[in-house]
Structure formats: C-alpha cells, structure tokens
Amino acid sequence: MFLVAEVPGPDGVVGMQSIEPYVELGGQTAHVAAISTFVAAEYRRRGIGRKLLNELCRRALGHGTRKLLATIRADNLDAQRFYKHSGFRVVGTLRSQLMDRGTYIDQVLAERLLSDSDA
C-alpha cells in the first residue's frame with residue numbers, strides 16, 4: 001500500500017507513506033507490515049505524516065494488517081520522535097544495520113499494534 005500527500009502548485013507531492021508485507025514465514029507473519037514514511041523537509045511538523053498514518057492504519061486494518069514495524073536510522077531523531085508520538089514503541093536496536101558512505105549506522109526497531117480504534 002502506498003499513499004501520497006499532495007499540495008496544489010509546483011510542489012506537488014510533499015509526503016508519502018507505504019507498507020509492505022513483512023518477511024513471510026509460512027503465513028505466520030501475514031498480519032505484519034513494514035512501514036516507511038517520508039515528508040519533504042519544508043512540510044514537516046504540519047501534520048502530514050500523522051494524516052497519512054491515520055489513513056494508512058485504517059486501510060491496513062481492512063486488509064488484515066494488525067502490526068506495523070518501523071526500522072528508523074538511529075541518527076534520525078525527528079523520525080524517531082514521529083513514530084514515538086504515533087504510538088510506536090522501541091523494541092530494539094539493529095547494530096551496524098546500514099552502510100552509508102563507508103560508515104555503519106544502527107537502526108532503531110519500533111512496533112505498533114493496530115486495534116479497531118484505528119479503523
């Protein structure tokens with residue numbers, strides 16, 4: 001599932017959010033999806049990510065998704081705050097998970113269980 005946020009005018013698409021099935025293990029994780037969020041820097045802190053997430057959760061529940069997993073760069077404190085304020089809880093750290101310009105970077109692993117109130 002892929003959602004976009006658009007504004008009128010030349011800026012057009014200013015945000016996007018997607019989920020994709022988590023690694024499938026014989027159907028045991030069919031209810032889990034990995035989430036990804038992006039909002040253009042000049043449009044952050046305007047509620048765009050929250051609106052996208054609310055709609056995404058509603059639609060995801062309709063497709064049987066009951067849990068979202070986010071892997072967030074450890075050096076992206078804004079994204080960590082966004083997910084925390086959106087009901088995600090940190091469940092661990094993936095050490096040296098990313099390689100960026102010759103440097104290993106950790107990722108924070110966070111989860112959110114969806115409920116009927118998200119519908």
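We use all heavy atoms of the structure for the numbers below, so side chains are in, but hydrogens, waters and symmetry mates are not.
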Start with the C-alpha distance between L98 and Y104, add both sets of side-chain angles, then the distance that settles side-chain contact (heavy atoms from CB on, under 4.5 Å), and finish with yes or no.
-> CA-CA 6 Å; L98 304 173; Y104 288 106; over 6 Å; no
L56/I19 under side-chain contact (heavy atoms from CB on, under 4.5 Å): CA gap, chis, key distance, verdict = CA-CA 8 Å; L56 186 128; I19 58 172; 3.4 Å; yes
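Under the side chain to side chain contact (heavy atoms under 4.5 Å, CB included) criterion, D75 pairs with R73, I105, sequence neighbours left out. In this structure F88 satisfies the ring pair (Phe, Tyr, Trp, His ring centres under 6.0 Å) test together with Y83, sequence neighbours excluded.
Pairs engaging residues 43-53 under the side chain to side chain donor-acceptor pair (under 3.5 Å) rule: D11-Y43 [sequence neighbours left out].
Note: the hydrophobic cluster containing V39 also contains L3 (ILVMFWY, side chain heavy atoms under 4.5 Å, direct or indirect links).
Nearest approach of A79 to I72, heavy atoms of both residues: CB-CG2, 3.6 Å. Of all heavy-atom pairs between Q17 and L52, the closest is OE1-C, 3.1 Å. Across all non-hydrogen atoms, the minimal contact from H63 to R59 is CD2-O, 3.1 Å. Scanning all heavy atoms of the two residues, the minimum distance from S115 to L61 falls at O-CD1, 3.1 Å. Residue A40 comes nearest to F38 through the heavy atom pair N-CE2, 3.7 Å, listed as atom of the first residue, atom of the second, then distance. Nearest heavy-atom pair across D106 and S96 is OD1-N, 2.8 Å.
I48 contributes atom CD1, which lies 11.5 Å from atom CD of E6 (distance to the nearest 0.5 angstrom). Distance check, rounded to the nearest 0.5 Å: CD of Q107 to CD of Q97 gives 5.0 Å. Considering CD1 of I35 and CD of E111, their distance stands at 13.0 Å, rounded to 0.5 Å. Of the inter-residue distances, the one linking L113 atom CG with D118 atom CG reads 10.0 Å to the nearest 0.5 angstrom.
Counting heavy atoms of neighbouring residues, nucleotides and ligands inside a 6.0 Å radius, atom CZ of F2 exceeds 12 of them. Heavy-atom contacts from other residues, nucleotides or ligands closer than 6.0 Å to CD of E42 number more than 12.
Q80 places a side-chain N or O within 3.5 Å of a backbone atom of A74 that can act as its donor or acceptor partner. For the pair R89 (side chain) and A110 (backbone), a donor-acceptor distance under 3.5 Å is absent.
Between F82 and T37 there is a side-chain heavy-atom pair separated by less than 4.5 Å. Taking the side chain as every heavy atom from C-beta outward, C57 and L68 approach each other to under 4.5 Å. Counting heavy atoms from C-beta on, the side chains of N76 and R81 never come closer than 4.5 Å. Side chains of V90 and L109 form no contact here, defined as non-hydrogen atoms less than 4.5 Å apart. Looking only at side-chain heavy atoms (C-beta outward), K67 and L114 stay at 4.5 Å or farther from each other. Here the side chains of T71 and L94 are in contact, with some heavy-atom distance below 4.5 Å.
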